[in-house]
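Comments concern the structure below.
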Amino acid sequence: MFTIYTTIDCDFCTSAKNLLNESNREYVNVILDTSEKKKDFKERTGLKTVPQIYTDSGHHIGGYEELKEYLN
């Protein structure tokens, strides 16, 4: 199981979710759709871009390109 942090009109987010779907991987999509959610995410992680993907153990994979490498 993966957790993927996304925003609404993000092409890399869509590509990452498509990649997870194509490889039959389950994931929880956390949509950062308010300024409060975005601010909280940035403060907690120090990250400013999406997608950001984590495993259930909390391991940070990174973004779309890192996810492609991780799944290979």
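The basis for the numbers below is simple: all heavy atoms, side chains too, and nothing from hydrogens, waters or symmetry mates.
- Val28 and Leu32 fall within a single hydrophobic cluster, where Ile, Leu, Val, Met, Phe, Trp and Tyr are joined by side-chain heavy atoms under 4.5 Å apart, directly or via other members.
- Side-chain contact between Gln52 and Thr45: absent, with no pair of heavy atoms (C-beta onward) separated by less than 4.5 Å.
- Interatomic distance, His59 NE2 to Ile53 CD1, rounded to the nearest 0.5 Å: 11.0 Å.
- Going from atom CG of Asn18 over to atom OH of Tyr64 covers 8.5 Å, rounded to the nearest 0.5 Å.
- We find the OG-CG distance between Ser23 and Leu67 to be 7.5 Å, quoted to the nearest 0.5 Å.
- Counting heavy atoms from C-beta outward, Val30 and Lys37 have side chains that stay 4.5 Å or more apart.
- Taking CG of Leu19 as the start and CG of Leu71 as the end, the distance is 5.0 Å to the nearest 0.5 Å.
- Following chains of ILVMFWY side-chain contacts shorter than 4.5 Å, one can reach Phe12 starting from Tyr27, so the two form part of one hydrophobic cluster.
- With rounding to the nearest 0.5 angstrom, the OG1 atom of Thr6 is 3.5 Å from the CG atom of Asn29.
- If you chain together hydrophobic residues whose side chains sit under 4.5 Å apart, Ile31 and Val50 never meet in one group.
- Note that CG of Asp33 and NZ of Lys38 are 8.0 Å apart. Values are rounded to the nearest 0.5 Å.
- Of all non-hydrogen atoms in Cys13 and Pro51, the two that sit nearest each other are SG-N, 3.6 Å.
- Ring geometry, Tyr54 versus Tyr5: the interplanar angle exceeds 60°, so the pair is classed perpendicular (tilted spans 30 to 60°).
- The stretch residues 63-72 participates, sequence neighbours left out, in these salt bridge (charged side-chain N to carboxylate O under 4.0 Å, His left out) pairs: Glu65-Lys68.
- Under the side-chain contact (heavy atoms from CB on, under 4.5 Å) criterion, Asp56 pairs with Met1, not counting sequence neighbours.
- In this structure, Thr55 and Tyr70 have side chains that are in contact, with non-hydrogen atoms separated by less than 4.5 Å.
- Judged by distance alone, the side chain of Asp40 and the main-chain N or O of Glu36 form no donor-acceptor pair under 3.5 Å.
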